[in-house]
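Report on the following structure.
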Number of protein chains: 2
Amino acid sequence: MTTRDSPGIQAVDRAFDIVEALNELDGAGVSELARHVELPKSTVHNHLDTLERAEYVVRENGTYRTSLKFLQISETARNQHALYEVGRSEVEHLAEKTGEISALMTEEHGRGVFVYRSRGSEAARIDTCIGDRVPIHCTALGKAILAFLPDDRRAAIIDQHELPAVNHNTITDRGRLEEDLETVRERKIAYDDEERLNGLRSVAAPILDGTDSVIGSISVAGPTHRMKGERFETELPETVLGIANVIELNIQHT
Amino acid sequence: MTTRDSPGIQAVDRAFDIVEALNELDGAGVSELARHVELPKSTVHNHLDTLERAEYVVRENGTYRTSLKFLQISETARNQHALYEVGRSEVEHLAEKTGEISALMTEEHGRGVFVYRSRGSEAARIDTCIGDRVPIHCTALGKAILAFLPDDRRAAIIDQHELPAVNHNTITDRGRLEEDLETVRERKIAYDDEERLNGLRSVAAPILDGTDSVIGSISVAGPTHRMKGERFETELPETVLGIANVIELNIQHT
DNA sequence: GAACTCGTTCGGGACTGTAGAACGTTACTC
DNA sequence: GAGTAACGTTCTACAGTCCCGAACGAGTTC
């Protein structure tokens, strides 16, 4: 559910509200939807009709659900990202090599978006999904990006989203976050010590393009009991950094 | 680009036209977009503003592009499909086992949609992408679905889309197609003999749910010179059929 | 510095999306 | 099997809003 403060085109906002509701409800009928988005049945019906004609929604024996046309849109959108194009295979490589979960993140509207993910043989089962949008300050991936954004941009993002506590270890103090980001800039490595999920630690590195601006980040994540000591402090960071460099090089040659 | 014949909600149709154009153009500015969708700049601007606020569009130094929020939508939409949930790993399995390309298809609005795809070690490079929507009569995957749809449904689809020639081998005659589908029903196997792409042959099997209605299909595809003789006639069909059965069983136990 | 672009803002008028009531069906309940 | 409730859908009229053209400020290019 998107929170919209100032008004845009009403009909468009409503259409997307309906799409999102449809997704949340795992498909629904007109009346159920109407209750959920708090609009008259007829209005919802009208929207569903247009969405169905445009093939963004499918009607199956009386209930509506979002169609896979969104898959088409998102695939072409994602393929346009250099980060995904060259990073994808490296994420798989990293997951295989470490046996853990590896992921790719980029920033949109001040939040971290999981662009891709791959699971190694030992990978923890609980994790977020591709496409998920999370507060950017509570993951290694997010902090790797945040640290290398222009100062004004970073400030704007923190101003807008603030630093909500996602977990007991989440950094909620602006000063402490800046300190942390300073060391991220020095080492080109960011850590997440159970700042988003209990029992999950991760290591991430930023990915910079030819002009030294961040386009995303890459990480390895695993259960705390495996992510410690030498492995957590030096081994994994070196591996991640190496792969980040490979991606950076490949991006400049395309 | 979607062709819309009868009018729905104008603003919604236009919003999606803009999203699609944005995707086609790989990101664009207001003026360029306005020219492309043939609308006044101010109208396009108004839409982009709304879409940006709703986070479906991202503005980056003066140009707009579709955001990865579509990825979030499409991932949850896809995860709702039983076909994808249980079929995904089997497609990977099939691709690995045969060394070729394996794919999953479902039907929406009378067209075939590629839901997932995996490439084996020998896999042909040229292929369609996940999310692509193709005429349903010109692929093995599509014919496997078509053959097992209820008669009225199949007739409606063919009436609506007709049988355009996609390639020199495409079946364009209704009678011939029905004959073909009859043998598909008998064997539970559909073939594509370069009916969509030159040099590409494939074998597909339908996937039925507990009530014997088709929810999709699975295939193996490869270059004609490898897809022939015993392998094409019996070996691959048996493998595909076996895996289709595994998927069907798993679907009924969830 | 003129003459192009570009993105953006603004306001009034035409149109259209909205909402509520009403219809026909289906699915329950008693 | 009548009665009731919920469903999806259709219709109409009015209020509201989306749309467009014109105008503005900011960059570029010649």
Side-chain angles (χ1 to χ4, degrees), chain A residues 2 4-67 109 152-153 156 211, chain B residues 2 4-22 24-67 109 150 152-153 156 211:
Chain A
T2 330
R4 281 178 264 285
D5 14 55
S6 41
I9 298 175
Q10 196 190 53
V12 176
D13 281 337
R14 288 183 167 180
F16 280 105
D17 279 344
I18 287 173
V19 167
E20 287 173 27
L22 220 37
N23 245 7
E24 267 178 45
L25 298 173
D26 201 339
V30 180
S31 301
E32 190 183 357
L33 256 176
R35 262 179 267 116
H36 203 261
V37 297
E38 293 176 314
L39 287 173
K41 272 196 304 181
S42 54
T43 303
V44 173
H45 181 78
N46 194 201
H47 275 272
L48 286 173
D49 222 50
T50 27
L51 289 169
E52 210 258 334
R53 250 197 292 266
E55 303 199 3
Y56 283 94
V57 153
V58 172
R59 179 176 33 225
E60 255 164 11
N61 47 40
T63 93
Y64 295 85
R65 57 173 185 76
T66 49
S67 89
H109 290 273
D152 53 344
R153 191 70 192 296
T211 66
Chain B
T2 330
R4 280 177 264 285
D5 13 54
S6 40
I9 298 175
Q10 196 191 48
V12 175
D13 282 337
R14 288 183 167 180
F16 280 105
D17 280 343
I18 287 173
V19 166
E20 288 172 27
L22 220 37
E24 267 177 45
L25 298 173
D26 201 340
V30 179
S31 301
E32 189 182 359
L33 256 176
R35 262 179 265 117
H36 202 259
V37 297
E38 293 176 315
L39 286 173
K41 273 196 306 180
S42 54
T43 302
V44 173
H45 181 77
N46 193 201
H47 275 272
L48 286 172
D49 222 50
T50 324
L51 290 169
E52 210 257 334
R53 250 197 291 266
E55 305 200 3
Y56 284 93
V57 153
V58 172
R59 180 177 31 226
E60 256 163 12
N61 48 41
T63 91
Y64 294 86
R65 57 173 186 78
T66 49
S67 89
H109 289 275
D152 52 343
R153 192 71 193 296
T211 67

With sugar-phosphate taken as primed atoms, P, OP1 and OP2 and all else as base, the protein-contact string of nucleotides 20-30 of chain D at under 4.0 Å (heavy atoms; B, S, -) is BB---------
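Between B:Val12 and A:His47, the closest side-chain pair of non-hydrogen atoms falls below 4.5 Å.
Contact check, A:Tyr64 against D:dC7: no side-chain N or O comes under 4.0 Å of OP1 or OP2.
Under the side chain to side chain donor-acceptor pair (under 3.5 Å) criterion, A:Arg59 pairs with A:Tyr64, not counting sequence neighbours. Residues that satisfy the side-chain contact (heavy atoms from CB on, under 4.5 Å) test with A:Ala28, not counting sequence neighbours, are A:Leu22, A:Leu25, A:Glu32, A:Leu33. Partners of B:Thr66 by side chain to side chain donor-acceptor pair (under 3.5 Å), not counting sequence neighbours, listed by chain and number: B:Asn23.
Distance CG (A:Leu48) to P (D:dG8): 9 Å, rounded to an integer number of Å. Straight-line distance from the CZ atom of A:Arg59 to the P atom of D:dC7: 17 Å, rounded to whole Å. When rounded to the nearest whole Å, the span between CG of A:Leu33 and P of D:dC7 equals 12 Å.
Contacts between chain B and DNA chain C, taken as any atom within less than 4.0 angstrom of a protein heavy atom, begin and end at C:dC6 to C:dT18.
Direction change of the helix axis from one end of the helix from C:dG1-D:dC30 to C:dC30-D:dG1 to the other is 40°, with five pairs defining each end axis (rounded to 10°).
Checked by atom type and distance alone, the side chain of B:Thr63 never pairs as donor or acceptor with a backbone atom of B:Gly27 at under 3.5 Å.
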